[in-house]
Each structure stands twice: as structure tokens, then as C-alpha cells.
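See below for the structure under consideration.
Letters A, B, ... mirror the listed sequences (proteins, then strands); counts begin at 1.
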There are 2 protein chains.
Amino acid sequence: MTRNTKDDVVAAAGRLFAERGYHGTSMRDLGKELGLLGSSLYSHVDGKQQLLVEVVNRGAGFFQESADAALATVGSAADRLEALIDGHIGIVLDHRSEVRTYLNEADALDPELRASVIAARDRYEEAFRTVLKEGAADGSFRSDVDAPINAIFILSILNAVDRWYREQGRIDRDQLVGDIFEFVSDGVS
Amino acid sequence: MTRNTKDDVVAAAGRLFAERGYHGTSMRDLGKELGLLGSSLYSHVDGKQQLLVEVVNRGAGFFQESADAALATVGSAADRLEALIDGHIGIVLDHRSEVRTYLNEADALDPELRASVIAARDRYEEAFRTVLKEGAADGSFRSDVDAPINAIFILSILNAVDRWYREQGRIDRDQLVGDIFEFVSDGVS
DNA sequence: CCTACCGATCGGTAGG
DNA sequence: CCTACCGATCGGTAGG
């Protein structure tokens, strides 16, 4: 029964925002989750909106770190694409609360902050576009591949993982990455 | 300035739930959208939760009708898959509010109703699994295709369309369907 | 569909 | 981190 740190508060906020949504979570709910009163949270943070900002920034940061690492992979564009997929799945499964909040609750942010989230997402998506373009040049992929559209398709699959995948299921994490990479590479045909 | 029907109320609720979320929408917000007071809504509906149920049921119904029609398509499994994709995109773009609410706000439903939504989604997904299995048999697709997983991947792409696609953009609706079908069939390679 | 209202809950503050 | 509290807003009701 030691005191909560600000990190504890942000982590708990992430859990509740992910589960019930930003508007579905009250400061009193969050206090209860931490074993204190809603009003006591204000010694850790300025307000509810700031908590959302911090959770969302954590989510964005995880993804960007992952992309930077994946782009540094030596090898073919296909290798870098697989690294991007592997990294993304790792982030989604290891930081579910922050990721869910980042993906689903950004609309609850004040307009300027929401705009910065959209910019961060675009920066991340750019890593996928880059790799697809490289692959069209180095022969990893079809030369006529539409990078912007295909980047969106790949990210659609990756982001949705959080909505259905359970680690206790019939496929493990590595298989999931392999299945996605295979689908993205060759489709169903 | 004629009176609102219950359909108007449900439609407006769908718009606000889609835009601000269920918990982010108050009965007074909804009243304002319709030009009346929040309390006046209770002559049309029992409560806020009922509105969510009706919006979500509309969304579910659109998708199921679309799947039933697509499965009746004569031709190869690939033809039926394309019909499923085409139908899905049509529903997403023609009924955005209901679809967004159906896809994103089902967690705000009471437990039994949420369970019935999950069941409806599974029934719909079954159409995709069926077509993939048929395609593995009739030679449309690879014979070793994992239908459950690939159905999820395809639906991930389809459901995400609502998050990024604007009809005013550089690709029109038919191109979008074609791009998705091509990606799903052959991937980026 | 409005008037007038209910008890409950909201985000947040002052002061310790 | 708690006590004690604020004004605003919430979903909803009674009666017309």
C-alpha cells in the first residue's frame, strides 16, 4: 500500500479509457481503480484531458520507435516490411491499453491535439509507404503497387488485431505475424 | 417545420453516436440536433440505450442483407467474394452513421445485447469464411488458405474503409472495390 | 412536444 | 491524498 506515482495514474487511465472510452470513464472511476478519491487525482495531473493526451502520446511513441527500428533493418524491402509488421504486432499486444486509446479515443482530444495525432499517424504510415515503394523498385513487390493505398490496407489489418486476437488462442504471436505477412504478400490466390 | 418521426430520431442518434460516441452524446444534444428539448425525446423512445440498440440493429441488418445477396451470386467463389466486398463497401459508404455506431459503440450496449451483436458479426463473417472455403475447393484461391484468419484480414480492410476513405478523393468507389479485391487476391507481390 | 422538475453524477477547486 | 464542497450537466419523469 504505497503511494501512486503519476505513471501509475496514466497507466490506469489508459486501461479505463481503452475499456470504457474517454467519455465513459469518470475521474471517480479512475480514482477507484487506484484506491483513492477522484479529487485526489488532481495532485498528479491538471485534468482529465491531460490524462488522455499522455496515454495517446505513449501509444504514438511506441509505434514511431518501432517504425524507426524496422526501417533500419538491412536486407530487402520485404524484410523491412516484415519487420514493420512484427514491430506493430508487438506494440499492439504489449501495450494494448495505450494502443486502443490511441486508435479509438483520439476524437475526444481537443482539436489541435487531435491534429497532431493525425500527423503522427501519417508519419508512421509513411514508413509503410516508403518500404512499399522500395519494394516496387528492388523487385520485392509488384512494380505497379499503389503504395499509399496498400499501406492503408496493411495498417487496417494490423490495427484490427487488437479487436480480435487473444494470445491464448490457436495461433501464437509469430504465426500471426507470418500469416499477416503472407496475406499481405500473396493474398488468398 | 413538421414534427419528427421516430425514424428521424433514430437517424439523428446514429449521426451523433457516430460522431461523438454514445457516452459523448447527451439526450439534450440529440434534442438540439432535432430542434426540440431532450425531455421531448421520451415520447419517441424509452431511453438512450434503446436508441443505441435501434441504430446498431440497423447497421447489423444492412450487412446481413448484403451478405445474403452476395452469396446468391452465381459464378466462381472469387465472384462471390468480389460481391461481398462490393456490398460491404456500399453499406459502409451509404450508411456511415449506423455502420460507425455498429462497429465502434457496441461496447456501450448492455451485456446481452452486446453478445447478440457479436453473434451477428460472426454470422456475417461466416459468409466470408464460406466463400474462402469454396474458393479453396473450386480453384479460385490457394487450396491451403486458412479461411477464418483470412476472413478476419479481409474484414479488417473493409471495416477500416470508413476511417479513411472520402468519396471526393482520387479514387472512386468502384476503384476502391477493385483495389481491395486485387489486394486480397494477390497481395503486393 | 413543452414546462417544470428530480436525484445522481460530472469535472474540478480550496484548504489542509 | 482527504474533507468538503462548487456549479453544471446528466438521464429521466409527471403532467399537460
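Going from atom CG of L30(B) over to atom C1' of dC1(C) covers 14 Å, rounded to whole Å. If you measure from atom CG of N4(A) to atom C1' of dC2(D), you get 14 Å, rounded to the nearest angstrom. With rounding to whole Å, L41(B) atom CG is found 10 Å from dG11(D) atom P. Whole-Å rounding puts the D29(B) CG to dT9(D) P distance at 11 Å. For the pair L52(B) CG and dG11(D) C1', the computed distance is 15 Å after rounding to whole Å. Regarding R3(B), its CZ atom lies at a distance of 5 Å from the C1' atom of dC1(C), rounded to whole Å. The separation between L16(A) atom CG and dC10(C) atom P is 12 Å, rounded to whole Å.
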Apply the test side chain to side chain contact (heavy atoms under 4.5 Å, CB included) to residues D179(B) and F153(A): give CA-CA distance (whole Å), side-chain angles for both, the deciding distance (0.1 Å), then the verdict.
CA-CA 10 Å; D179(B) 284 356; F153(A) 293 162; 4.2 Å; yes

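Dashed line: the shortest gap from a side-chain N or O of S26(B) to OP1 or OP2 of dT9(D) is not under 4.0 Å.
Taking 4.5 Å as the limit, every side-chain heavy atom of I154(A) sits out of range of all side-chain heavy atoms of I180(A). Here the side chains of F17(A) and L51(A) are in contact, with some heavy-atom distance below 4.5 Å. Within the 4.5 Å cutoff, the side chain of R58(B) has no heavy atoms near those of the H95(B) side chain.
Contacts of S43(B) with the nucleic acid, taken as non-hydrogen atoms under 4.0 Å apart, include base atoms. Contacts of H23(A) with the nucleic acid, taken as non-hydrogen atoms under 4.0 Å apart, are absent. Base contact: L37(B) has a heavy atom under 4.0 Å from a base atom.
No donor-acceptor pair under 3.5 Å is formed between the side chain of R28(A) and the backbone N or O of L37(A).
Stem regions annotated for DNA chain D: C:1-16 with D:1-16, counting only runs of 3 or more consecutive pairs of Watson-Crick or G-U type with both contacts under 3.5 Å.
Both the sub-6.0 Å distance and the 45° axial angle are not jointly satisfied by R121(B) relative to the ring of F63(B).
Residues D29(A) and R20(A) are paired through a salt bridge, judged by an N-O separation under 4.0 Å between the basic side chain and the carboxylate.
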Pairs: protein N or O with nucleotides 12-15 of chain C N or O, under 3.5 Å:
residue	atom	partner	partner atom	Å
dG12(C)	OP2	Y42(A)	OH	2.9
dG12(C)	OP2	K48(A)	N	2.9
dG12(C)	O5'	Y42(A)	OH	3.4

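Residues H44(A) and D8(A) bring no donor and acceptor atom of their side chains to less than 3.5 Å of each other.
Close placement of the H88(B) and Y124(B) rings is indicated, their centers lying within 6.0 Å of each other.
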